[in-house]
Amino acid sequence: MFLNKTILLVGCISAFVTLSSCDNKQRDQQIREEAEREIVQKKLSEKALKEQIIIEDNKVHGIVSKINNTEELSEFELQIKELDLDECLVNQGFLTIFAPNNKAFNNENLGVLDKKSSDYDKSEAKKALKYHVVKNKWTAEKLESEIIKSGGSLELTTQNGGSIRATIDKTNIILNDESGHTARILSADMSPSNGSLYIIDSVLMAD
């Protein structure tokens with residue numbers, strides 16, 4: 001009788017210990033999962049904060065700000081604002097823009113960018129402006145170096161899916177568009193915080 005009670009007691013204690021052990025493991029697992037969730041949430045919050053800081057900095061020191069403060073680019077500024085491209089140029093990481101100066105827009109063959117023209121279409125005008133935008137930061141030094149390294153002709157892919165061919169003529173960098181026209185870079189890289197900005201003397205046109 002005493003032996004049976006002892007065995008029963010040992011069995012109960014063993015079961016209790018096992019249950020307690022399981023509970024402890026579950027609690028430890030929950031604590032670990034909660035800690036991991038907090039770490040992930042913290043990282044996401046920090047990332048969002050960093051991205052917001054970058055965006056705010058780009059608004060003040062970035063490409064759009066440089067364009068807005070350059071008198072020579074007032075027509076280009078007007079075009080990107082009317083087509084709601086200014087926000088895109090703030091938020092899309094590092095970009096290089098070849099911005100036509102005011103004189104470049106006097107060309108009578110630019111119906112695609114002339115709101116008074118019967119050829120004007122907002123979506124086509126957007127594509128035409130995106131043809132002046134290239135992904136990543138291309139400094140003047142890097143651009144010249146890569147042209148030379150590529151045998152004198154460097155192909156750049158634009159944001160509208162087209163391409164521009166960059167070459168060097170004596171000391172000038174020349175941009176050749178798909179329609180057979182050329183544009184000369186008038187300014188060196190103006191070094192905005194989110195990329196590179198150049199002033200060119202002609203509007204580039206895709207084929």
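Just so you know, residue 1 is the first one in the sequence shown, and it goes up from there.
- Cluster annotation: Leu197 and Phe98 are assigned to distinct hydrophobic clusters (Ile/Leu/Val/Met/Phe/Trp/Tyr, side-chain heavy-atom contacts under 4.5 Å, transitive).
- Under a hydrophobic clustering in which Ile, Leu, Val, Met, Phe, Trp and Tyr are joined whenever their side-chain heavy atoms come within less than 4.5 Å, directly or via other members, Val133 and Ile200 fall into different clusters.
- A side chain to side chain contact (heavy atoms under 4.5 Å, CB included) with Thr158 is found for exactly one of Leu204, Thr96, Ile164, namely Ile164.
- Residue Val134 is tested with Leu143, Leu156, Leu95 for a side chain to side chain contact (heavy atoms under 4.5 Å, CB included); the sole match is Leu156.
- Separating the CD1 atom in Ile80 from the CD1 atom in Ile67 is a distance of 4.0 Å, to the nearest 0.5 Å.
- Using a 4.5 Å heavy-atom cutoff, the side chains of Lys103 and Asp201 are not in contact.
- Between Trp138 and Leu154, some side-chain heavy-atom pair lies under the 4.5 Å cut-off.
- Residue Ile174 shares its hydrophobic cluster (ILVMFWY side chains chained together at separations under 4.5 Å) with no other residue.
- Of all non-hydrogen atoms in Ser202 and Ala104, the two that sit nearest each other are CA-CB, 3.7 Å.
- Rounded to the nearest 0.5 Å, atoms CG (Leu113) and CG (Leu83) are 8.0 Å apart.
- Taking 4.5 Å as the limit, some side-chain heavy atom of Thr139 sits within range of a side-chain heavy atom of Lys137.
- For Thr171, there are no side chain to side chain donor-acceptor pair (under 3.5 Å) partners at least two apart in sequence or on another chain.
- In terms of modelled atom types and a separation under 3.5 Å, the side chain of Asn101 and the main chain of Glu72 share no donor-acceptor contact.
- Rounded to the nearest 0.5 Å, atoms CD1 (Ile147) and OG1 (Thr167) are 6.5 Å apart.
- Take Asn68 and apply the side chain to side chain donor-acceptor pair (under 3.5 Å) test, not counting sequence neighbours, and it matches no residue.
- We find the CG-CZ distance between Asn176 and Arg165 to be 4.0 Å, quoted to the nearest 0.5 Å.
- Both Leu85 and Met190 belong to a single network of hydrophobic side chains, linked directly or stepwise wherever heavy atoms of I, L, V, M, F, W or Y lie under 4.5 Å apart.
- Residues satisfying the salt bridge (charged side-chain N to carboxylate O under 4.0 Å, His left out) criterion with Glu75, sequence neighbours excluded, are absent altogether.
- Here the closest heavy-atom approach between residue Asp189 and residue Ala140 is recorded as CB-N, 3.9 Å.
- Looking at heavy atoms from C-beta onward, His132 lies in side-chain contact with Val203 at the 4.5 angstrom threshold.
- With hydrophobic clusters built from ILVMFWY side chains whose heavy atoms lie under 4.5 angstrom apart, Ile173 shares a cluster with Ile148.
- In the displayed structure, Lys127 atom NZ is contacted under 6.0 Å by at most 12 heavy atoms of other residues, nucleotides or ligands.
- Sorted by first and then second residue, the salt bridge (charged side-chain N to carboxylate O under 4.0 Å, His left out) pairs with a member in residues 141-160 read Glu146-Lys149; sequence neighbours excluded.
- Nearest heavy-atom pair, Pro192 versus Gly62, reported as atom, atom and distance to 0.1 Å: CB-C, 3.4 Å.
- Distance CD/Glu82 to CD/Glu77: 10.5 Å, rounded to 0.5 Å.
- Side-chain atoms of Asp169 and Arg184, non-hydrogen and from C-beta on, never get closer than 4.5 Å to each other.
- Under a hydrophobic-cluster definition in which Ile, Leu, Val, Met, Phe, Trp and Tyr are linked whenever side-chain heavy atoms come within less than 4.5 Å, directly or via other members, Leu78 and Ile97 are assigned to different clusters.
- Take Thr70 and apply the side chain to side chain donor-acceptor pair (under 3.5 Å) test, not counting sequence neighbours, and it matches no residue.
- Within the 4.5 Å cutoff, the side chain of Ser74 has heavy atoms near those of the Asn102 side chain.
- Between Phe105 and Phe76, the ring-plane angle classifies as tilted under the 30° and 60° cut-offs.
- Side-chain atoms of Tyr131 do not come within 3.5 Å of backbone N or O of Lys126 as any donor-acceptor pair.
- Tyr198 OH to Leu73 CG: the interatomic distance, rounded to the nearest 0.5 Å, is 14.0 Å.
- Using modelled atom types, no side-chain atom of Glu178 and backbone atom of Gly162 make a donor-acceptor pair closer than 3.5 Å.
- Taking each heavy atom of Asn160 and Ala206 in turn, the nearest pair found is ND2-CB, 4.1 Å.
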